[in-house]
Amino acid sequence: MQRRDFIRTTGAAGVGGFVLGFPVVKTFAQENRADLVLVKNGGPKELVRKALELMGGIGRFVKPGQTVVLKPNMSWDRTPEYAANTNPEVAAEMVKLCLEAGAKKVLAFDRTCQEARRCYTNSGVEKAMDDAGASVRFIRDSLFEPVKIENGLALTEWDFYRDALEADVYINLPVLKHHSLSRLSLGLKNTMGLIGKNRGKIHTSFDKKIVDLNRVLVPQLTVLDATRILRSNGPSGGDIADVEEWKTVIAGTDPVIVDAWGVKLFGLEPASLGWLRYAEQAGLGSMDTATHVPLEYSFI
């Protein structure tokens with residue numbers, strides 16, 4: 001069964017292999033690998049490398065000959081220091097890891113919120129990923145296709161990007177930042193860069209609709225960039241005074257718990273965010289940070 005066929009038959013609860021009754025993530029599981037890690041106090045490259053090492057290596061997720069889609073946030077016409085987009089070094093290191101694992105090709109794209117060429121260039125993400133060996137492409141409207149959403153809370157169908165649907169492996173590379181609508185932008189929110197149609201319509205009943213979109217595209221791995229944090233005036237930022245350097249990466253196989261720990265790191269309670277509550281109820285993952293504790297590593 002190809003990934004796109006699998007996706008389209010798993011729109012109900014238990015999407016992508018996530019079912020209720022999650023394993024406790026407090027230490028290494030069998031096979032000496034963790035399902036949730038938090039790595040801090042290092043440079044972007046070493047944070048990413050260590051996170052994947054603790055999870056059992058990139059080979060756990062990427063096999064030789066596979067096509068991998070990496071989804072960074074590069075939606076904003078901001079340079080890296082403003083923390084509105086994924087750190088280019090984080091994105092580039094993930095490209096290198098995937099190619100080292102034998103990936104046939106690594107694709108990256110984002111349906112940007114501002115002019116695409118300026119966003120791709122000024123974010124620094126396009127060049128960094130391209131130099132690392134990825135194929136960084138602009139979104140083409142002709143490649144969106146409708147997908148039915150089973151058991152949707154507010155959506156029954158939406159357009160998704162074909163290259164993401166057809167990839168063997170989908171790895172989400174969001175940045176942790178403030179967002180004026182959703183309060184925070186993390187992994188589940190980053191999926192909006194892979195959808196078509198009028199995205200403004202997602203902003204009504206947002207908490208339910210963002211969960212519905214994530215029933216369709218479920219990442220095998222989420223690597224949350226918390227190296228530099230936009231604390232306020234997100235999602236686009238623009239004032240360096242709003243940025244803090246946190247030197248942290250959170251990675252995990254459950255996209256909901258990764259977001260939940262990002263929320264907690266930001267100083268909020270996961271249960272205070274409606275979209276996280278709905279995501280857990282839909283069977284997309286767990287937001288229980290008391291039970292699902294990341295394996296931590298610090299370079300200092």
Side-chain angles (χ1 to χ4, degrees), residues 40 43-45 47-48 69-95 108-132 134 136-139 161 171-195 199-200 202-203 206 210 213-214 219 222-251 255 258-259 261-263 265-268 273 275:
K40 58 187 179 180
K45 297 178 182 179
L47 291 171
V48 170
V69 162
L70 298 180
K71 173 54 179 71
N73 187 324
M74 47 181 168
S75 286
W76 302 98
D77 182 8
R78 300 291 186 202
T79 51
E81 63 267 25
Y82 291 102
N85 303 295
T86 302
N87 188 311
E89 293 184 69
V90 168
E93 201 64 19
M94 282 303 306
V95 174
F109 34 77
D110 192 8
R111 186 181 173 200
T112 62
C113 297
Q114 297 174 324
E115 201 277 319
R117 293 188 182 277
R118 292 185 61 84
C119 292
Y120 274 46
T121 298
N122 292 334
S123 68
V125 177
E126 179 186 29
K127 185 178 189 307
M129 296 186 82
D130 183 72
D131 287 350
V136 188
R137 302 174 176 178
F138 291 107
I139 290 287
Y161 206 57
I171 299 176
N172 200 1
L173 303 179
V175 61
L176 169 58
K177 61 179 177 177
H178 170 260
H179 195 285
S180 57
L181 171 66
S182 56
R183 297 180 70 188
L184 294 181
S185 178
L186 304 103
L188 298 185
K189 179 72 170 62
N190 200 40
T191 302
M192 288 187 68
L194 298 175
I195 65 169
R199 292 188 304 190
I202 302 298
H203 294 159
F206 173 84
I210 197 66
L213 296 176
N214 279 275
T222 300
V223 179
L224 178 62
D225 169 22
T227 56
R228 294 174 64 84
I229 301 296
L230 181 58
R231 289 287 298 179
S232 56
N233 295 312
S236 61
D239 187 341
I240 201 67
D242 294 329
V243 178
E244 297 177 2
E245 190 170 27
W246 283 10
K247 299 181 179 180
T248 300
V249 160
I250 304 173
V258 172
D259 273 13
W261 272 101
V263 170
L265 193 67
F266 205 89
L268 300 176
L273 299 175
W275 47 271

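Being a predicted model, the structure only gives us computed values, none of them experimental. These values consider heavy atoms only, across backbone and side chains, with no hydrogens, waters or symmetry-generated copies.
- Heavy atoms only, all atoms of each residue included: A108 and M74 are closest at C-CE, 4.5 Å.
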Would you check, one step at a time, whether the test side chain to side chain contact (heavy atoms under 4.5 Å, CB included) holds for I195 with I202?
CA-CA 10 Å; I195 65 169; I202 302 298; 4.0 Å; yes
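- Panel note: side chain S123, backbone Y120; a donor-acceptor pair is recorded below 3.5 Å.
- Distance check: D259 CG to L265 CG gives 12.0 Å after rounding to the nearest 0.5 Å.
- Taking OG from S236 and NZ from K177, the interatomic distance works out to 7.5 Å, rounded to the nearest 0.5 Å.
- Checking N73, L188, L224, V223 one by one against P174, the side-chain contact (heavy atoms from CB on, under 4.5 Å) holds for a single residue, L224.
- Taking every heavy atom of both residues into account, L184 and S182 meet most closely at O-OG, 2.7 Å.
- For the pair N85 (side chain) and W76 (backbone), a donor-acceptor distance under 3.5 Å is present.
- Atom CZ in F109 sits 6.0 Å away from atom CD1 in I139 (nearest 0.5 Å).
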side-chain hydrogen bond (donor to acceptor under 3.5 Å, both in side chains) evaluation trace for T191 with N214
CA-CA 7 Å; T191 302; N214 279 275; 2.8 Å; yes
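- Here the options are V175, V125, N87, the test is side-chain contact (heavy atoms from CB on, under 4.5 Å), and the partner is P72; only V125 passes.
- Judged by distance alone, the side chain of R78 and the main-chain N or O of G237 form a donor-acceptor pair under 3.5 Å.
- Panel note: side chain D110, backbone S75; a donor-acceptor pair is recorded below 3.5 Å.
- The two residues F266 and W246 come nearest to each other via the heavy atoms CA-CH2, 3.9 Å.
- The distance from atom CD of E89 to atom CG of L47, rounded to the nearest 0.5 Å, is 10.0 Å.
- Put simply, OG1 on T121 and CD on E115 are 8.5 Å apart, with the number rounded to the nearest 0.5 Å.
- Across T112 and R199, no two heavy atoms sit closer than the pair O-NH2, 3.3 Å.
- The main-chain N or O of R231 is never found under 3.5 Å from a side-chain atom of H178 such that the two would form a donor-acceptor pair.
- Of all heavy-atom pairs spanning V243 and A83, the tightest one is CG1-CB, 4.0 Å.
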Chi angles and distances behind the side chain to side chain contact (heavy atoms under 4.5 Å, CB included) call for L186, V263
CA-CA 8 Å; L186 304 103; V263 170; 4.1 Å; yes
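- For the pair G187 and N172, the tightest heavy-atom approach, listed with the atom from each and the gap, is O-ND2, 2.9 Å.
- With Y82 as the aromatic partner, R228 does not meet the cation-pi criteria of under 6.0 angstrom to the ring centre and within 45 degrees of the ring axis.
- Going from atom CG of L176 over to atom CG of N190 covers 12.0 Å, rounded to the nearest 0.5 Å.
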